[in-house]
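In what follows, a structure is listed as structure tokens, so that the remarks can point back to it.
Nothing fancy with the numbering, it's 1 onward along the sequence.
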Amino acid sequence: MYIRTERKKIGNHCVRRILTVMMAVCLSAGVLSGSPVTVKAAQQPETAALILYAWNGTGENGGLMNLELTVNGTLNNGAQVSAVGSGPIVAQDGTLVGELAAADGQILLSLYRLDGNFGLELANGEDWMLYGINNIGESNAVAAVALQGQEPQMLALTEDRMYRSYTGLWFLGMGLEQGVLTEYSGN
């Protein structure tokens with residue numbers, strides 16, 4: 001398995017943790033490196049994409065940042081997709097699209113369908129709401145991406161992937177268009 005890595009502003013500990021976890025997920029579709037997040041392959045459709053986000057940044061409360069992933073998009077049949085937090089991702093027409101699972105310092109996005117365009121937004125809404133602080137750039141977030149038919153890759157989520165919402169909240173964004181990782185476009 002070949003994983004391309006970028007190590008700008010990422011500690012070696014975080015990179016090793018992501019690689020270990022991503023390998024475990026890709027090879028066994030089982031437990032995530034000792035965390036409580038699990039993937040039960042027998043109960044889910046075939047996985048077309050896995051994106052694992054991990055971070056080690058400290059929030060305003062002195063503990064690990066509490067980041068959230070928001071998934072928004074449209075399937076090719078026109079059904080809208082919107083999910084945040086943890087649990088199943090279900091399109092407006094009732095189609096199961098994927099699942100979000102979260103543990104301390106990591107979020108796993110499993111997608112069963114890639115026939116559509118999605119916007120993926122990783123944000124620290126907790127510090128924004130409680131303290132008015134836009135500190136997502138200090139999260140040291142990385143993403144390990146495994147898309148069907150493509151080489152897995154590791155992405156550093158740096159300032160070049162930072163965007164600002166209409167509310168003023170800064171987030172790290174990526175796009176996924178018809179199964180290809182792209183720049184964020186505000187889907």
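The two residues Leu64 and Gly105 make their nearest non-hydrogen contact at CD2-N, 3.3 Å. Of all heavy-atom pairs spanning Ala79 and Ala91, the tightest one is CB-CB, 4.0 Å. When all heavy atoms of Arg113 and Leu96 are compared, the closest pair comes out as CD-O, 3.9 Å. Between Ala48 and Tyr112 the shortest heavy-atom distance is CB-O, 4.0 Å.
The shortest distance between side-chain heavy atoms of Leu111 and Val97 falls below 4.5 Å. For the pair Leu172/Tyr184, no side-chain contact is recorded, criterion being any heavy-atom separation below 4.5 Å from C-beta on. Put simply, the side chain of Val145 does not reach to within 4.5 Å of the side chain of Pro152, judged on heavy atoms. Looking at Leu50 and Leu108, their side chains come closer than 4.5 Å, going by heavy atoms from C-beta outward. In this structure, the side chains of Asn72 and Phe118 stay at 4.5 Å or more apart for every pair of heavy atoms. Side-chain atoms of Glu183 and Tyr163, non-hydrogen and from C-beta on, do get closer than 4.5 Å to each other. Side-chain atoms of Gln153 and Leu181, non-hydrogen and from C-beta on, do get closer than 4.5 Å to each other. Under the 4.5 Å side-chain criterion, counting only non-hydrogen atoms from C-beta, Leu100 is in contact with Leu69.
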Using side-chain contact (heavy atoms from CB on, under 4.5 Å), reason through Leu67 and Ser139 one step at a time and then give a plain yes or no. CA-CA 9 Å; Leu67 303 186; Ser139 66; 4.0 Å; yes
Full working for side-chain contact (heavy atoms from CB on, under 4.5 Å) between Tyr53 and Leu157: CA-CA 9 Å; Tyr53 294 89; Leu157 301 178; 3.8 Å; yes
Go through Arg161 and Leu155 one step at a time and tell me if the side-chain contact (heavy atoms from CB on, under 4.5 Å) criterion holds. CA-CA 10 Å; Arg161 293 188 181 270; Leu155 302 172; 3.9 Å; yes
Evaluate the criterion side-chain contact (heavy atoms from CB on, under 4.5 Å) for residue pair Val180 and Gln150; output intermediate values, then yes/no. CA-CA 9 Å; Val180 177; Gln150 300 174 37; 4.2 Å; yes
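Side-chain atoms of Thr47 never come within 3.5 Å of backbone atoms of Ala49 as a donor-acceptor pair (strictly under, hydrogens ignored). Here the side chain of Asn66 pairs no donor or acceptor atom with the backbone of Glu126 at under 3.5 angstrom. A donor-acceptor distance shorter than 3.5 angstrom exists from the side chain of Ser165 to the backbone of Leu169, with no hydrogens or angles considered.
With values rounded to the nearest 0.5 angstrom, Ile89 atom CD1 is found 13.0 Å from Thr95 atom OG1. Expressed to the nearest 0.5 Å, how far CG of Asp127 lies from CD of Glu60 amounts to 5.0 Å. Trp55 contributes atom CH2, which lies 6.0 Å from atom CG of Leu122 (distance to the nearest 0.5 angstrom). Distance check: Met65 CE to Asn140 CG gives 8.0 Å after rounding to the nearest 0.5 Å. Atom CD1 of residue Ile136 and atom CG of residue Asn134 lie 9.5 Å apart, to the nearest 0.5 angstrom. Within the model, atoms CG of Leu147 and CD1 of Ile51 stand 6.0 Å from one another, a figure rounded to the nearest 0.5 Å.
Checking Asn117 against Glu177 by side-chain atom types alone, no donor-acceptor pair falls below 3.5 Å. In this structure, a donor-acceptor pair under 3.5 Å is present between the side chains of Asp93 and Asn77. Judged by distance alone, the side chains of Ser110 and Glu99 never bring a donor and an acceptor atom under 3.5 Å apart. For the 3.5 Å distance criterion, the side chains of Asn124 and Glu68 fail to qualify, holding no donor opposite an acceptor.
Linking ILVMFWY side-chain heavy atoms closer than 4.5 Å, directly or via other members, places Leu130 and Trp128 in two distinct hydrophobic clusters.
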